[in-house]
Amino acid sequence: MNKDLIKAVQTKVGATPDGIIGDKTLAAIAKALGVETPAPSTLPTQAEVRSGKSIYGRAGDETNLVNITPAYQLYYDGKAVKTIRVNKAISARVEKALAEILEAYGPEKIHALGLDRYSGSYNNRTTTSGKSMSMHAWGIALDFDAERNAYSMGKGVATLPRPECNKWWDMWEQNGAISLGRHANKDWMHL
């Protein structure tokens, strides 16, 4: 990269003209352009969650759970779902993501892509390896379309890695979700 050009841009936007594009330079450019930048993540790690001392409480503690009504119709094993049960600390994020998905895709496209195939959230259980508690035990994990996106299915087999679903993943991630599918090409059902 042209360091002189970077320095000129940094000077123009009020950043330190050091010729290095870092977080401060990007924040200054965003501010100069009037672009809203997301707040840094304050979500706990899985280790912090498993300690039982995070904002999510203890595994299996149902007093931390709330029922939310999804913005669009979800189906579990082909049956309509009225509410889903999640940790109260993520409920607003889940509601927001589902509302954004409805607005972006509409009910017909959601159904055509299988984005309405809900496979569960709260479940007080261990991970499939049995070595530690699943994030489902805190009500902070959601599964979608498990049948067509099983744990061992990667791109080319699973349905959720299709390009048509990129916006769906983006909306979840903008609301704090993490996709093991996007990061490790497995468990595409799991948020």
Side-chain angles (χ1 to χ4, degrees), residues 23 26 36-61 64-66 68 70-72 74 76 81 84-105 110 113-191:
D23 290 340
L26 293 174
E36 186 177 325
T37 56
S41 176
T42 57
L43 299 176
T45 65
Q46 286 190 10
E48 291 168 334
V49 171
R50 288 187 175 114
S51 76
K53 297 176 183 173
S54 77
I55 60 171
Y56 304 124
R58 295 181 324 274
D61 184 352
N64 291 318
L65 304 175
V66 294
I68 63 169
Y72 61 87
L74 297 177
Y76 184 90
V81 172
I84 61 175
R85 204 164 180 208
V86 298
N87 192 292
K88 59 188 170 190
I90 69 161
S91 62
R93 291 172 184 254
V94 172
E95 289 174 316
K96 186 172 182 272
L98 291 170
E100 290 170 355
I101 291 163
L102 175 60
E103 186 176 325
Y105 285 96
I110 286 170
L113 293 172
L115 305 178
D116 57 356
R117 293 181 180 199
Y118 174 69
S119 300
S121 53
Y122 174 71
N123 187 352
N124 189 21
R125 64 172 178 81
T126 61
T127 60
T128 53
S129 70
K131 293 180 180 176
S132 56
M133 293 303 289
S134 167
M135 294 296 109
H136 288 282
W138 283 267
I140 60 173
L142 293 94
D143 289 340
F144 284 87
D145 201 359
E147 185 178 320
R148 299 186 308 165
N149 297 278
Y151 182 82
S152 61
M153 291 179 179
K155 287 182 180 179
V157 179
T159 60
L160 288 174
R162 295 173 297 184
E164 302 87 0
C165 299
N166 284 343
K167 197 182 322 178
W168 186 77
W169 285 111
D170 291 343
M171 290 177 202
W172 280 112
E173 289 172 350
Q174 289 165 6
N175 284 287
I178 297 169
S179 162
L180 192 57
R182 279 186 150 180
H183 293 281
N185 194 27
K186 63 182 178 183
D187 206 7
W188 282 93
M189 74 176 97
H190 186 76
L191 300 168

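Keep in mind it's a predicted model, so treat the numbers as computed, not measured.
- Separation of atoms CZ (R85) and CG (L142) is listed at 13.5 Å; rounding is to 0.5 Å.
- Residues L160 and L115 have side chains in contact (heavy-atom distance under 4.5 Å, counting atoms from C-beta outward).
- Across all their heavy atoms, W188 and G181 have their closest contact at CZ2-O, 3.0 Å.
- Residues N64 and W138 have side chains not in contact (no heavy-atom distance under 4.5 Å, counting atoms from C-beta outward).
- For the atom pair CD1 of I68 and NZ of K88, the computed distance is 14.5 Å after rounding to the nearest 0.5 Å.
- Applying the ring pair (Phe, Tyr, Trp, His ring centres under 6.0 Å) criterion to Y118, with sequence neighbours excluded, gives F144.
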Step-by-step side-chain contact (heavy atoms from CB on, under 4.5 Å) determination, W172 to L98: CA-CA 8 Å; W172 280 112; L98 291 170; 3.7 Å; yes

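- Within a 6.0 Å sphere centred on CG of L102, other residues, nucleotides and ligands contribute more than 12 heavy atoms.
- Y56 is listed as a side-chain neighbour of P44, based on a closest heavy-atom distance under 4.5 Å.
- The two residues L65 and G139 have their closest heavy-atom pair at CD2-CA, 4.0 Å.
- Looking at T126, its side chain never comes within 3.5 Å of a backbone N or O of K131 through a donor-acceptor pair.
- Here the straight-line distance linking atom CG of N185 with atom OG of S179 works out to 9.5 Å at 0.5 Å rounding.
- Shown here for R148 and G114, the closest heavy-atom pair between the two residues is NH2-CA, 3.6 Å.
- Taking 4.5 Å as the limit, every side-chain heavy atom of N123 sits out of range of all side-chain heavy atoms of S134.
- In this structure, the separation between CD1 on I178 and CE on M135 is 10.0 Å, given to the nearest 0.5 Å.
- Listed for the Y105 side chain is a donor-acceptor partner under 3.5 Å among the backbone atoms of W168.
- Contact annotation: the side chain of L191 approaches that of W169 to within less than 4.5 Å [non-hydrogen atoms, C-beta and beyond].
- Taking both residues in full, the closest heavy atoms of E100 and N175 are given as OE1-ND2, 3.0 Å, listed atom of the first, atom of the second, then distance.
- Judged by distance alone, with hydrogens and angles left aside, the side-chain atoms of R162 form a donor-acceptor pair with the main-chain N or O of L113 at under 3.5 Å.
- A salt bridge links R182 to E173: at least one charged side-chain nitrogen sits closer than 4.0 Å to a carboxylate oxygen.
- Atom CD of E164 has more than 12 neighbouring heavy atoms from other residues, nucleotides or ligands inside a 6.0 Å radius.
- The heavy-atom pair separating H136 from A141 by the smallest distance is ND1-O, 3.3 Å.
- When side chains are defined from C-beta on, M133 does not count as touching V49, because their heavy atoms never get closer than 4.5 Å.
- To the nearest 0.5 Å, atom CG of residue N87 and atom OH of residue Y122 are 10.5 Å apart.
- From I90, atom CD1 reaches atom OG of S121 across 7.5 Å, with rounding to the nearest 0.5 Å.
- Counting only residues at least two apart or on different chains, the salt bridge (Lys or Arg N to Asp or Glu O under 4.0 Å) pairs with a member in residues 48-60 are R58-D61.
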